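Please read these numbers as outputs of a predicted model, since none were measured by experiment. For reference, positions follow the sequence shown, starting with 1. The analysis underlying the following values was restricted to heavy atoms, covering all of them including side chains, and did not include hydrogens, waters or symmetry mates.
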Amino acid sequence: MNPLRSLILAAARNGPTRRLVATAPGSREVVRRFVAGEDTAAAVAATRRLVDSGLSVSLDYLGEDTTDAAQADRTVAAYLDLLAALGPLAAHAEVSVKLSAVGQVLDERLALDNAARICAAAAEAGTTVTLDMEDHTTTDSTLRVLAELRREHPWVGAVLQSYLRRTPDDVLALRGPGSRVRLCKGAYAEPEAVAFQGTAEVDRSYVRCANALLAGAGVPMFATHDPRLVRIVEERARAHGREPGSFEFQMLYGIRPDEQARLARAGHTVRVYVPYGGEWYGYLMRRMAERPANTAFFLRAMMTRS
């Protein structure tokens, strides 16, 4: 693994570093670029702007490492409030949920029950839910919860990470009719035994998994900002006879907005992953870890007063 990436991921778990970043002169401006805001109103406002510009949205309430049931319940309540507030925007905006935020570390059944509450609210609002994937120790648990949720809500989306060695097999298991699968590279520090360590290996795995998804009967959702991978996905989609709208491109809020607009103009469904809430630090650190070359940009911005 890139040593800088390892350092960034370690910083994500370091309290003093978190306090330093949070109080840096320009940190609020950086956060504002990549996080929609701290409350439901800000999330809905950002969603409206994106939808009005021809984009779709997946909203993520930032809350991880939940350590008690009451905290998990507060996260569920935040999602229920958001889904109730979306109104007509729900036709173009779903929610993404991390099971760690709704109690997975405490009890898998608790996480399932809480995720089911969010899915029921999403169904009532007329939209969908995607279960985010986290580090490899939770993969089997997350897929078990996914399978249970899909019994009542077959539209619940899965996320698979191309850096995990197991992912090609998971793709084959999840690419059936109607299955929504988001493919990303992965952003957690993983051991070599379970994950590819080199960029080239991760990219090759991404392309293999993309081909398998496009050959399946589901709805692939390609989460990448890599221009080369975007071009490859476009080419492979044509080769598999996939029309625009039968798959999605997904990109992060604040990252490559011009490319998001270009793909939308070309007729593609482009879904923007929009995080909101007060727990932005871990999210921001993982975004830096995904592409360590961005670190200098983040640091300059944080240390510059606006």
Side-chain angles (χ1 to χ4, degrees), residues 8-50 57-86 89 93-106 110-111 114-115 117-118 121-122 129-135 138 187-188 252-255 272-290 294-295 297-299 301-306:
I8 293 167
L9 290 170
R13 301 184 294 272
N14 185 279
T17 303
R18 177 188 179 116
R19 288 190 290 274
L20 177 64
V21 172
T23 57
S27 63
R28 188 162 295 278
E29 288 302 316
V30 174
V31 173
R32 189 176 292 121
R33 173 176 171 179
F34 300 104
V35 178
E38 295 194 357
D39 57 20
T40 295
V44 172
T47 299
R48 183 174 291 108
R49 290 193 298 271
L50 292 166
V57 171
S58 190
L59 290 147
D60 172 25
Y61 178 71
L62 296 175
E64 301 173 58
D65 300 323
T66 294
T67 56
D68 61 70
Q71 186 179 0
D73 196 59
R74 288 192 294 271
T75 297
V76 174
Y79 275 110
L80 300 187
D81 182 61
L82 172 67
L83 288 162
L86 283 175
L89 293 172
E94 65 149 26
V95 297
S96 287
V97 177
K98 288 181 175 59
L99 291 180
S100 66
V102 294
Q104 187 179 37
V105 72
L106 302 172
L110 174 66
N114 281 334
R117 293 168 60 194
I118 296 171
V129 175
T130 294
L131 294 186
D132 280 336
M133 193 64 76
E134 302 179 71
D135 72 85
T138 65
Y188 293 83
L252 298 170
Y253 184 70
I255 303 289
V272 183
Y273 188 93
V274 178
Y276 77 102
E279 296 298 320
W280 53 264
Y281 177 75
Y283 170 82
L284 193 62
M285 289 293 123
R286 285 197 305 279
R287 299 294 77 81
M288 283 196 284
E290 283 176 339
N294 285 337
T295 304
F297 161 76
F298 281 110
L299 292 176
M302 286 179 180
M303 298 312 297
T304 301
R305 291 186 182 276
S306 58

Would you mind reporting whether [Y] and [X] have side-chain heavy atoms less than 4.5 Å apart?
X    : Y    : result
V272 : L252 : no
L50  : Y253 : yes
Y273 : D132 : yes
Q104 : E134 : yes
T67  : V105 : no

Provide the closest heavy-atom pair for [X] versus [Y] in the form atom of the first, atom of the second, distance.
X   : Y    : answer
A93 : L86  : O-CD1, 4.0 Å
A72 : V102 : CB-C, 3.6 Å
L80 : A121 : CD2-CB, 3.4 Å
A46 : A36  : CB-CB, 3.7 Å
A85 : V44  : CB-CG2, 4.0 Å
Y61 : G277 : CE1-CA, 4.3 Å

I'd like to check the side-chain hydrogen bond (donor to acceptor under 3.5 Å, both in side chains) partners of [X]; sequence neighbours left out, ordered by chain and number.
X    : answer
T47  : none
T75  : none
T40  : D81
Y276 : none

Yes or no on side-chain contact (heavy atoms from CB on, under 4.5 Å) for E94 and T130, after CA distance, side-chain angles and deciding distance? CA-CA 8 Å; E94 65 149 26; T130 294; 2.9 Å; yes
Is there a side-chain contact (heavy atoms from CB on, under 4.5 Å) between K98 and D60? Walk through the geometry before answering. CA-CA 8 Å; K98 288 181 175 59; D60 172 25; 3.2 Å; yes
With D73 via salt bridge (charged side-chain N to carboxylate O under 4.0 Å, His left out) - residues at least two apart: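 R117.
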What's the separation between atom CG in L99 and atom CE in M133, rounded to the nearest 0.5 Å?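 Those atoms lie 8.5 Å apart.
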Report the distance from atom CD of Q71 to atom CG of L106, rounding to the nearest 0.5 Å. 8.5 Å
Apply side-chain contact (heavy atoms from CB on, under 4.5 Å) to V97 and Y79, showing your working. CA-CA 9 Å; V97 177; Y79 275 110; 3.8 Å; yes
Of all residues at least two apart in sequence or in a different chain, which pass the side chain to side chain contact (heavy atoms under 4.5 Å, CB included) check with A122?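 Result, side chain to side chain contact (heavy atoms under 4.5 Å, CB included) vs A122: L83, T127, V129, W155.
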Just checking, is any N or O donor in the side chain of S58 or S96 under 3.5 Å from an acceptor N or O on the other one? yes
